[in-house]
Amino acid sequence: MDGNGRWAEKQGKSRNFGHRAGRDRMIGLAAHARDRGIKYFTVYALSTENLARPQKELDSLFGLIRRYFASNIKKLYKENAAVRTIGDLSLLPDDIAKLLTDGEKNSPQNAGFTVVFAIAYGSRAEILSAVNKAVERGEILDEAGFEKLLYTSGLPNPDLIIRPGGETRMSNFLTYQAAYSELYFTDVLFPDFSDAEFDKAIENYAGRNRRFGKI
Ligand code: IPE
Ligand code: MG
C-alpha cells in the first residue's frame, strides 16, 4: 500500500492524513476484490523495516490498526470473511498482537474470503524463522514441509502482486511465495488506487500467459 505519505505531502497535509486515506482505500478495495471473486486479499500494511520509522509515525499507524480492528472486524465476520495475520507479532505492542491473534481465532470457519494482513512482516525474517525451526528439529525439508513453517502456512501463493506508488521493487514482501506470482507496478499512489485501477490490474493479469516454466 505504498505512496500514502507522498499523496498527503503533495496536498500539504500530514503523513498521517495519508495513512488514514490509505486505510479507507484498503477497506474499499477489499470489498471490491471480494465482489470480483477474489478469495485471498493480502495487504502489506507494515514491514519489519517500517518499524524503524519515527515513533510518532508508528504511533499513528498503530492507532489506525487498533481502530480498524475495533470497528471493522465484526462487519467482516458478518460477511463470512476471515482475517489472518502474517508477520512477527512479538515486534508489535502487546494489545495489537492480541487484536490480531483474536481476529484470526474468532474468524468464521470455511470463510469465502480472507483478508491477510502482513504486519511487522519481512520475508527474510519469515524464511529465517522457518529455517531455524527446521534446524532445531533436525529436519530435512521438502517444499511442502518448508511452506508449513512459513507465516503463510495454509495460504495459497499469490497469483498477482500489485505495487502502487511508483517503486518497482519487492521490499521484502513474500519473496519465497512470489516465485511464480505475476507482478504489476503502477505510479498511482495508494490512496488514489481506485476500484477502476484495480480492475485495470486484473485485466492486465488476465491477458498474461502463465507457463510456470513450461512451454
Ligand atoms: C504507506 O506508504 C506504507 C506504510 C508503511 C503504511 P508510505 O508511508 O511508504 O508512503 P510514501 O512512500 O512515503 O509516500
Ligand atoms: Mg513508501
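Just so you know, ligand 1 is whichever comes first in the structure, and atom 1 is the first atom listed for that ligand. Any value given below was found using the heavy atoms of this structure, including those in side chains, with hydrogens, waters and symmetry copies removed.
- Arg36 and Asp199 are joined by a salt bridge, as a carboxylate oxygen and a charged side-chain nitrogen come within less than 4.0 angstrom of each other.
- When all heavy atoms of Leu150 and Ala130 are compared, the closest pair comes out as CD2-CB, 4.0 Å.
- Excluding water, every protein N/O/S atom under 2.8 Å from the Mg ion (ligand 2) is given here by residue and atom: Asp2 OD1.
- The shortest N or O to N or O distance between Asn4 and ligand 1 is under 3.5 Å.
- Taking Ile, Leu, Val, Met, Phe, Trp and Tyr as hydrophobic and joining them when side-chain heavy atoms fall under 4.5 Å apart, one finds Leu155 in a cluster with Tyr40, Tyr44, Ile86, Val116, Tyr121, Tyr151, Ile161, Met170, Phe173, Leu174, Leu183, Phe185.
- Less than 6.0 angstrom separates the ring centroid of Phe117 from the ring centroid of Phe69.
- Looking at residues two or more places apart in sequence or on another chain, you find no side-chain hydrogen bond (donor to acceptor under 3.5 Å, both in side chains) involving Thr101.
- Under the side chain to side chain donor-acceptor pair (under 3.5 Å) rule, Tyr205 has a single partner from Glu182, Lys200, Arg210, which is Arg210.
- Annotation: atom 11 (P) of ligand 1 to nearest protein heavy atom, Arg6 NE, 3.5 Å.
- Counting protein heavy atoms only, atom 4 (C) of ligand 1 is closest to Ala45 O, 3.9 Å.
- Remark: minimum distance from atom 5 (C) of ligand 1 to any protein heavy atom is reached at Asn50 OD1, 3.1 Å.
- Remark: Arg124 engages no residue in a salt bridge (charged side-chain N to carboxylate O under 4.0 Å, His left out) (not counting sequence neighbours).
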